[in-house]
Amino acid sequence: MGQTQISILQEPSFYILLSLAQGDKHGYAILKEVTAISGGRVRLSTGTLYGALSRLLDQDLIIQLDEPQANLSEETLENPGQAHPGKPRRTYAITRSGRLALEEETNRLKAMLTAARMIPEEGL
Amino acid sequence: MTRPSRTYSTLLNLYPERFRQRFASEMAEVFEDTVDEARQAGYMALPGLYFKEYLAIPICAAREHWAVFAAGQQGFASQLAVQPAGGNLTDKNPGGNTASKRQAFLGGLPHLLVALLVGLPQLLFALKVIPANIGQVFLILGAIICGSAGLAFIARGVMKRQNPTWSASWIFAIFIGILISIIRAGTLLGLDSNILASDNFTILLAVILGLMYLLYRSARANPLAGLLSALPFMLVIWSPFLEQNPAWQNPEGFVGSAWLASWLVASVAAYLSLRMMNFRLAFWLTLGTTCLAGLYHSYIGIYHGGMLPFSEPDPNPKATLLAFLPVMVTAGWIAAGPQLAARIRLLGQQCGKPGSAWYRLSLLGSVVMVTGIMINHGRTWSTVFEFPGRAAITVLLVGGGLLLCLYFFTRLILKAINKGTLRPSYRLLLLFAAIPGIPGALLLNPSLIGIYLIPESAAAWVLIAEAMLLAGGILFLLVPAANGRATS
């Protein structure tokens, strides 16, 4: 399983990969990051988050790390709401396939945007 | 843990088992974090958060169940394929986890012999290639070869204290051999030569129980062996369709071709099942073989066998299908019943002491239920079963048995799900639907379920299927449950 089988990423999956591309995170940190990078437009419920994580894991686009990783983002480590010191949590990391899928999807979205921009506004 | 968190954790049970095991604890933690943060932002934010999170669970859980369904991860066959105590799907084969070609050939050999020694002579006679007496010689020769070879193989396994999986295919030969011996002995002793006719309720019951015992023991030791042993019986139940086509008198050769084709396909199915050693594949091969054989037998019976119902003006596909379906359902249960019985027993054993009691009580309910059905149907076979209050007793036994069966079976299933030994699936729901459905169908007028061609015979076969499903019920009451050993 790899990115070749994922032609189009769903929005939650796309944002999750985007979030993990900036560093390994546990579930709650991903939730916060997705809200932040989407400008508050995408607010995932816990159920949606883990449904998407499950599919990404199955597709080998991300992996699960049993121990909190040293390379957690600074913001994550500084925010007690995200890191919970003394409460080990499973963190998630993006894989090489995940990065490729993210890149592919980003390129696809860019191409769509470029195409849309070529049409005069009144034509939309 | 706060009340909202407890509610959330409870709702997480809606997810499929595998998903819960992977993520439930994490999800509960994330939910708590989210609530903590919302609380810091002000209590007004909480109702909206609860609404969003609680509502998301059933929706997301449904999506996960669908994903499981689409991926076929929890197929009925795989549910059944959980290994019974001491049993496994591997054979004694040092070369890998599939049977060798020789072993697979031996598994398909009895069916091949039936095709060549029973089907082929009949066909050759119909085509006027050989005279009838030569065909009869082949028939007797086939019975002797099949029966004695089967006995030899099983005896070899008994001496070695382990029967290889392929030997299950020979159980049919032994069973038929024993039946023929009983008939011959009855004739020699001057008893009724029709000793095994379907109107002899007691004998029929004894045959059913004996058959159930063999198939159940086979399935309990090894699921694949259970299928291999069931396949020949699933083929012979189509024989009523050939009754109006006397084997040695039909010029078209329908009977010979039916025997030859059915048993050749069965031989290939048995060979492939053993080569692949895959329960799911074997299950569908078994059903597929029976389906093909059944369609041809139904076609022969309706179009050429004088079995068209009086209500039908001409032979037609609808009549063929109506004749085919109920018998096919019966055939399916002959394969699935013993597997299910073995599975229920295993679930009971896995659920500790209460589980052991519940599966016994559940199966006791099944036995009570089927007893009521037998009494009801028995009146048509024997006047012994016609007595005052028969109808009331039938309803009482069937209703009470059904309630007992369903109640304890449900408790057993829920316990197994909670322990994580069973995954909830839509197929499990189908199973629950089938339990009350089968006796319901049996108690209805057979014509309502399409069995109008050979009402009592068909009802008898459906009864066999029902009884097969409940074989475990009778046996579990006699066999200690938690011994954890294979006893094939």
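It should be emphasised that the depicted structure is a prediction, and the values quoted were computed from it without experimental measurement. Residue numbers begin at 1 in each chain, while the letters A, B, ... track the order of the sequences.
Under the side chain to side chain contact (heavy atoms under 4.5 Å, CB included) criterion, B/A62 pairs with no residue, sequence neighbours left out. Applying the side chain to side chain contact (heavy atoms under 4.5 Å, CB included) criterion to B/V268, with sequence neighbours excluded, gives B/L272. Taking the side chain to side chain contact (heavy atoms under 4.5 Å, CB included) definition, one finds that B/R3 meets it with B/R6, B/T7, sequence neighbours left out.
Under the 3.5 Å distance criterion, the side-chain polar atoms of A/S54 are left unmatched by any main-chain donor or acceptor of A/Y50. Without hydrogens or angle criteria, B/T34 side chain to B/V30 main chain gives a donor-acceptor distance under 3.5 Å.
For chain B, the nearby parts of A/R43 are the backbone and the side chain; heavy atoms of each come within less than 4.5 Å. Heavy atoms of B/R22 lying under 4.5 Å from chain A belong to its backbone as well as its side chain.
Under the 4.0 Å criterion applied to side-chain N and carboxylate O atoms, B/D36 and B/R39 are assigned as salt-bridge partners.
No hydrogens or angles considered: nothing links the side chains of A/D60 and A/S97 as a donor-acceptor pair under 3.5 Å.
Within residues 49-61 of chain B, the residues approaching chain A closer than 4.5 Å by heavy atoms are, in numerical order, B/K52, B/E53, B/A56, B/C60.
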